[in-house]
Amino acid sequence: MTNRTVLVLVDPATSSEGVRSSVLELLTLGRSLGRVEAVTLEAPTVEALAQLGAYGVETVHQAELPPEQQGDARHLPAVVGATLAAAVRLTDADVVLAPSTFATKEATALAARDLGAGLVIDASGLAEDGEGGIVATKRVFAGAWDTTSRVLTDVAVATLRANAVVPEPAEAAVKTDVEGFAVTVDAPAVRVVERTATERTSDRPTLEEAALVVAGGRGTDGDFGPVTEFADALGAAVGASRDAVFEGWFDRYIGQTGVTIAPRLYVGAGISGAPHHRGGMQAAQVIVAVNSDPEAPIFEICDFAVVGDLATVLPQAAERIKAHKDAQAG
Amino acid sequence: MRIVVAVKYVPDINAERKFADCRVVRDPAEGTLNELDENAIEAALRIVEGLDETEREASETVAVTVAPPEGDVALRKAYQMGVDRGVRVSDDALAGSDYFGTTAALAAAVRRLESEAPVDLVVTGMAALDGLGSVVPALLAAELGRPALTFAKQVGVAGGTLTITRVTDEATETLAAPLPAVLSVADTANTPRFPNFKLIMAARTKQIEEWSAADVGLDAAAVGAAGARTETVDAAPRPPRPEVELVTDKGEGGTALADFLIRNELV
Ligand SMILES: Cc1cc2nc3c(=O)[nH]c(=O)nc-3n(C[C@H](O)[C@H](O)[C@H](O)COP(=O)(O)OP(=O)(O)OC[C@H]3O[C@@H](n4cnc5c(N)ncnc54)[C@H](O)[C@@H]3O)c2cc1C
Ligand SMILES: Nc1ncnc2c1ncn2[C@@H]1O[C@H](COP(=O)(O)O)[C@@H](O)[C@H]1O
C-alpha cells in the first residue's frame, strides 16, 4: 500500500440505514489502495459520521455550494461532478470512487473530464498493479467476459458495482471531522422544475445492494404474490423483467437498461432470460430459475432450476424455508 | 429545428460478442445499430413531427456515427426510420478511443455541422449496449458547452426550451434548459417505429457522408489509442458454468428448490 489518497463519494450522505452498504464497500476497497477520505454534498448525520469513523475515515469534505446550486440543484451531475473535481484538487487525491448509479456515472465522467483523468465505469474490482498503477476489472457482454484495464493517468476515477467486496470496518475506529470546501460550478444551467425523492418504504432490502434477489417476469401473469412471498421467506429483495414492469405489475426491473445486480443469489421466476435481462444479473454468484418451459434460455446460465409452474413451486419453497428458519430459531 | 442524433454501431446483443487483442470484435455480419439509439431517433423524429408545417419543412435530422466503415449499417437503419442525412466519422486514428476520444470526435462532427447552420439539439440514447457507459451524452454536452438533460422518459420542446421528466433510482425529476442542448432518452421514452416499405427502399440508395479526423478538425494525437486514458490489457471469456441441476416438478419442485438453497447456505 502506498501513500495514496482515495476519495469516496458519500451521496446522499444518509439514508434510513445510515451510510449505504455500496458506499461501505467502497470505503473497504479504498483502504486497500490508500488513505480514505469522504466527499459529500450534504451534512452527514451523527449516525453516518460514526459509521464513517468505524470505516477509517478521518476527514469528510463537505461541499459549500453557491446558493443557486443548493437545494434540488445539488443533485445535478454537473454539480456533483464539479464537487468531485474540486475535492481532488483540494486533497491531491489519486483515486475517486463512487457507487455505480446513472447519476454518479455522469458525475464521475464530468469530474474525470475536468481533471484529465482516466475513467472506469461499472468496475467489479480495483487493485494496484506491479508498478503502482491502478487496474480495474469489469464483467462485460452480459457477464460473458472479464476485462482488465489499466488507468494511464495520475488520477483514476471509477464507479463500482454493488457487491464487489464485502464491507468490513477498519481495524480501529477513528474520529471523523467534517471540513467544508468551496465549490464553483460553471456548467450551463439546467433548471430543476420539480424533484421528488424516491421513498423506499418497503421493508425489503434495496434491489441494487441486496445479497439475495428474487425476480418475477411475464410468467407471473400479473400476480407477483408468489414471488414476494418467496422473497420475504428468504429475506430477499424483489425485482422484475422489463416486460413485467412495462405491464405495470412491478416498479423496478433488472437488466442492461434497468438495475444491474451482482448478488450472492438470483432467483428468476417466469423469466425467459433474454440477453438484455442477463446483462443485469449474470454476475450473480448463484443463479436459480423456475420456468414452465424446459427449453427456457435462462437454464443455460443456471446453477439450479425447476421446470414447473411458479405459482405452485414458489409457495412450496417458501413454506419449506420458513419451516427451516423456525427450526433453526427454535 | 436542426437535430443531430448520435448513433452507435455495436455488436448484436443476440450474437456471440467477443474480444480479440483486447478490442471488441466488430463483425459486420453481426453488427447493428445500438437498439437504444432507436429511441433517440424516434424522439428526434417526433420532435420534428410536432412542429408546425413551415418549421417542419425547414427542419433537418442528421444521424452521426463515429465508427469504422461497417458502421454504415447503423446509418442505414437510421435512414430507414426516417432521418434526413447520415454522417460517419471514420479514421484509423480513432481506433482504441476511450469515452473522451469518442466524445471529442462526436463534438467535432457537431461543430462541423454547426458551421453550415445552427444545431438546436443533439439527441443520444441512454447507453451503448456494448460498453454500457452512459457517459457520452453528459461528456458531449460539456464538450459543446451546452446543458445536458439526460435519461428522459418524457420530452417536450416549446419556445426554445427543452423540458424532460426522468425517473432515476433516486428521484422523479422535471428538468428544463434552453436550446441548444443535449438530450439523452431512456428506453421508456417511446416505442421506436418500424420502418415502412417506402423508407426501406429509399434508404438503400441514400448517400452517407464520410468525414476523416482532419475533415472535422480533430487532433489525431488526442483521440484513439494515442489519447486514451485507460487501456484494456486483458480480456478473457468467463469459464463455462457447471451443468445446471434441473429438477422437473412433480409435486416436490418447491421443496427441492428450498433444499438446494439450504444446502448452499443461502438461507
Ligand atoms: C433496448 C431494449 C432493452 C431492454 N432492456 C431490458 C432490461 O434491462 N431488462 C429486461 O428484463 N428486459 C429488457 N428488455 C426486454 C427483453 O428483451 C425481454 O423482452 C424481457 O426480458 C422478457 O421478459 P420476461 O422474461 O418476463 O418475458 P418472456 O420472455 O415472455 O418470458 C416469460 C417466461 O415465463 C415462463 N412462464 C410462463 N408461465 C409460467 C409459469 N406459470 N410458471 C413458470 N414460468 C412460466 C415462460 O416459459 C417464459 O420463459 C429490453 C429490450 C430492448 C429492446
Ligand atoms: N461511437 C459513437 N458514435 C455515435 N454515437 C455514440 C457513440 N458512442 C456513444 N454514442 C452515443 O452516446 C450514447 C451513450 O453511449 P455510452 O455513453 O457509450 O453508453 C449512445 O446511445 C449514442 O447515442
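Chain naming here is simple, since letters A, B, ... match the order of the sequence lines and numbering starts at 1 in each.
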*A:Arg242 side-chain N/O to A:His276 backbone N/O, donor-acceptor pair under 3.5 Å*: no

*Counting only N and O atoms by type, is there a donor-acceptor contact under 3.5 Å from the side chain of B:Arg229 to the main-chain atoms of A:Ala117?*
yes

*Which atoms of A:Leu234 come close to chain B, meaning under 4.5 Å heavy atom to heavy atom: side chain ones, backbone ones, both, or neither?*
side chain

_Quick check on A:Ala236 against chain B: is it the side chain, the backbone, both or neither that has a heavy atom closer than 4.5 Å?_
neither

_Counting neighbours of CZ on A:Arg191 that are heavy atoms of other residues, nucleotides or ligands and sit closer than 6.0 Å, is the number greater than 12?_
no

*Does a donor on one side chain sit under 3.5 Å from an acceptor on the other, for B:Arg166 and B:Thr150?*
yes

*A:Thr153 versus chain B, the contacting section by heavy-atom distance below 4.5 Å*: both

_Hydrogens and angles aside, do B:Thr230 and B:Asp98 bring a side-chain donor and acceptor to less than 3.5 Å of each other?_
no

_Please check: side-chain N/O of B:Asp12 versus main-chain N/O of B:Asn14, any donor-acceptor pairing under 3.5 Å?_
yes

*Where on B:Ala148 is there a heavy atom nearer than 4.5 Å to chain A: the side chain, the backbone, both, or neither?*
backbone

*Kindly check if the number of other-residue, nucleotide or ligand heavy atoms within 6.0 Å of CD (B:Glu245) is above 12?*
yes

*Donor on one side chain, acceptor on other, A:Thr159 and A:Ser100, under 3.5 Å*: yes

*Heavy-atom distances under 4.5 Å only: say whether B:Glu16 touches chain A with side chain, backbone, both or neither.*
neither

*asked:* Which atoms of A:Val151 are under 4.5 Å from chain B, going by heavy atoms: the side chain, the backbone, both sets, or neither?
replied: both

_Quick test of your reading of the model: are A:Asp122 and A:Arg161 salt-bridged, counting only N-O distances below 4.0 Å?_
yes

*What part of A:Leu76 is in contact with chain B, defined as an atom under 4.5 angstrom from a non-hydrogen atom: side chain, backbone, both or neither?*
side chain

_Proximity breakdown for B:Ala228 and chain A, heavy-atom pairs closer than 4.5 Å_ = backbone

*Hey, can you tell me if B:Phe19 and A:Trp145 have their rings parallel, tilted or perpendicular (30° and 60° cut-offs)?*
tilted

*Given a strict heavy-atom distance threshold of 4.5 Å, which part of A:Ala197 is in contact with chain B: side chain, backbone, both, or neither?*
both

*asked:* Does this structure show an ion pair linking B:Glu252 with A:Arg320, if we count only N-O contacts that are shorter than 4.0 Å?
replied: no

*Using the salt bridge (charged side-chain N to carboxylate O under 4.0 Å, His left out) rule, take B:Glu170 and A:Arg195 through it: C-alpha gap first, then chi angles, then the decisive distance, then the call.*
CA-CA 10 Å; B:Glu170 311 293 332; A:Arg195 183 176 201 274; 5.7 Å; no

*What part of A:Val192 lies closer than 4.5 angstrom to a heavy atom of chain B: side chain, backbone, both or neither?*
both

*Side chain / backbone / both / neither for A:Asp146 at chain B, heavy atoms under 4.5 Å*: both

*A:Glu300 portion near chain B, given a 4.5 angstrom heavy-atom threshold*: neither

*What option among A:Ala136, A:Ala109, A:Gly308 has the most heavy-atom pairs under 4.5 Å with chain B?*
A:Ala109

*For chain A, find which of B:Thr172, B:Thr103, B:Thr232 contributes the most heavy-atom pairs closer than 4.5 angstrom.*
B:Thr172

*Measure A:Thr196 against the heavy atoms of chain B and call it side chain, backbone, both or neither at under 4.5 Å.*
both

*Without swapping roles, check the side chain of B:Asp234 against the backbone of A:Thr148 for a donor-acceptor pair under 3.5 Å.*
no

*Please determine, among A:Pro275, A:Ser292, A:Gly81, the option with the most heavy-atom pairs under 4.5 Å with chain B.*
A:Pro275

*asked:* Report which part of B:Arg146 has an atom under 4.5 Å of a heavy atom belonging to chain A: side chain, backbone, both, or neither.
replied: backbone

*Relative to chain A, which segment of B:Ala256 carries a heavy atom at a distance below 4.5 Å: side chain, backbone, both, or neither?*
both

*Hey, which of A:Arg139, A:His75, A:Glu319 has the most heavy atom pairs under 4.5 Å with chain B?*
A:Arg139

*Tell me, side chain or backbone of B:Leu162 under 4.5 Å from chain A's heavy atoms, or both, or neither?*
neither

_Region of A:Phe102 in contact with chain B, defined by heavy-atom distances below 4.5 Å_ = side chain

_Can you tell me which of A:Thr137, A:Ile287, A:Ile134 forms the most heavy-atom pairs within a distance under 4.5 Å of chain B?_
A:Ile287

*Judged by atom type as modelled, is there a donor-acceptor pair below 3.5 Å linking the side chain of B:Thr165 to the main-chain atoms of B:Gln154?*
no

*B:Leu246 versus chain A, heavy atoms under 4.5 Å apart: side chain, backbone, both or neither?*
both

*Non-hydrogen atoms of chain A under 4.5 Å away: do they reach the side chain of B:Pro178, the backbone, both or neither?*
side chain

*Please determine which of B:Asp187, B:Asn39, B:Thr188 meets the side chain to side chain donor-acceptor pair (under 3.5 Å) test together with A:Thr257.*
B:Asp187

*Check each atom of B:Lys250 against the heavy atoms of chain A and say whether the ones under 4.5 Å are side chain, backbone, both or neither.*
neither

*Sort out for me which of A:Pro294, A:Ala112, A:Gly235 touches chain B most, counting heavy-atom pairs under 4.5 Å.*
A:Ala112

*asked:* Given 3.5 Å as the limit, does a donor-acceptor pair link the side chain of A:Arg278 with the main chain of A:Gly273, or not?
replied: yes

_Segment of B:Leu257 engaging chain A (4.5 angstrom heavy-atom cut-off)_ = both

*Can you say whether A:Leu212 sits under 4.5 Å from chain B via the side chain, the backbone, both, or neither, judging by heavy atoms?*
side chain

*asked:* For the interface with chain B, which of A:Gly116, A:Ala233, A:Ala211, A:Ala103 has the highest count of heavy-atom pairs at distances below 4.5 Å?
replied: A:Gly116

*asked:* For a 4.5 angstrom cut-off between non-hydrogen side-chain atoms, does B:Arg241 reach A:Asp303?
replied: yes

*A:Val290 versus chain B, the contacting section by heavy-atom distance below 4.5 Å*: side chain

*Given that the side chain runs from C-beta out, which part of B:Tyr99 has a heavy atom under 4.5 Å from chain A: side chain, backbone, both or neither?*
side chain

_Side-chain heavy-atom pair B:Leu261, B:Asn264 within 4.5 angstrom cut-off_ = no

*In terms of heavy-atom pairs under 4.5 Å with chain A, which of B:Val267, B:Val135, B:Ile262 leads?*
B:Ile262

